Amino acid sequence: MIYWEIFLAFFIPGILGYGGGPASIPLIENEVVDRYGWMSVNEFSEVLALGNALPGPIATKMAGYIGYQQGGILGSFVGMFATVAPSLILMIVLLGFLYKYKDSPKVKRMTTYIRPTIAVLLGVMAFSFFSTAYIDTGIWQTLFLIVISFLLLEKWKVHPALVIVGAMGYGAIFIT
């Protein structure tokens, strides 16, 4: 029964606070503190602070912690799954519609409009990373990493994960 309660405690806020962001936090608090009484408001605020301190979506981290506290490892899994299930279900349904109408001129036009937008967003992000790297490490270190990364990816077809790990290793050893 506890696993069903954990599922409901995080699935309902996942539906209403789509995306797991700050909008779902009061909904989770209502379920965890008021409805089920698993923790006090003070304890919940501590879990929220912990969730904010770690990288990634807040709601899934909170679901993992509270689920583990109430139902062990399986409870943690149930809580995290319940948090992402609404988004997962919606993605599958929307993907089904997109696949069904993939040959439609409207869908093709939509994807044609989306691609440049994504390219611009990725370009802005890359420029932001470049400017931050330039300010933090200097132009020569930044250019070296760009050239080596480009050669590894394009000329020698090294997997991107290995290039990232190599760049992190280089940064850990040579950049202070």
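Not measured: the values here are computed from a predicted model.
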task: For side chain to side chain contact (heavy atoms under 4.5 Å, CB included), just list the numbers for Q69 and I6, CA-CA rounded to whole Å, side-chain angles, deciding distance to a tenth of an Å, and then say yes or no.
output: CA-CA 10 Å; Q69 187 182 41; I6 292 170; over 6 Å; no
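- Taking the side chain to side chain contact (heavy atoms under 4.5 Å, CB included) definition, one finds that I73 meets it with Y68, sequence neighbours left out.
- Without hydrogens or angle criteria, K61 side chain to G56 main chain gives a donor-acceptor distance under 3.5 Å.
- Looking at residues two or more places apart in sequence or on another chain, you find a side chain to side chain contact (heavy atoms under 4.5 Å, CB included) between V47 and M39, M62, Y65, I66.
- Residues F130, Y134, I135, I139, W140, L143 make up the rest of the hydrophobic cluster containing I146, defined by ILVMFWY side-chain heavy atoms closer than 4.5 Å, directly or through other members.
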Indicate every side-chain donor-acceptor pair of residues 30-38 with a distance under 3.5 Å to a residue at least two apart or in another chain.
residue, atom, partner, partner atom, Å
E31, OE1, R35, NH1, 3.0

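- By the ring-ring contact (aromatic ring centres under 6.0 Å, His included) test, F11 is found to be paired with F7, residues two or more places apart in sequence or in another chain being considered.
- Taking CD1 of I175 as the reference point, atom CE of M168 lies at 12.5 Å (rounded to 0.5 Å).
- For F144, the ring-ring contact (aromatic ring centres under 6.0 Å, His included) partners are Y170, not counting sequence neighbours.
- Remark: T142 pairs with T137 by the side-chain hydrogen bond (donor to acceptor under 3.5 Å, both in side chains) rule, at least two apart or across chains.
- Under a 4.5 Å side-chain heavy-atom criterion applied to ILVMFWY residues, the cluster that includes V120 comprises V124 as well.
- Put simply, the side chain of L27 does not reach to within 4.5 Å of the side chain of I12, judged on heavy atoms.
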query: Do M110 and I114 pass the side chain to side chain contact (heavy atoms under 4.5 Å, CB included) test, and can you show the C-alpha distance, the side-chain angles, and the key distance before you say yes or no?
result: CA-CA 6 Å; M110 179 185 71; I114 290 173; 3.8 Å; yes
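- With sequence neighbours excluded, the residues that form a side chain to side chain contact (heavy atoms under 4.5 Å, CB included) with S40 are N42, E43.
- Residues passing the side chain to side chain contact (heavy atoms under 4.5 Å, CB included) test with L122 are I118, M125, sequence neighbours excluded.
- Within the structure, the side-chain hydrogen bond (donor to acceptor under 3.5 Å, both in side chains) test picks out no pair touching residues 107-129 (sequence neighbours left out).
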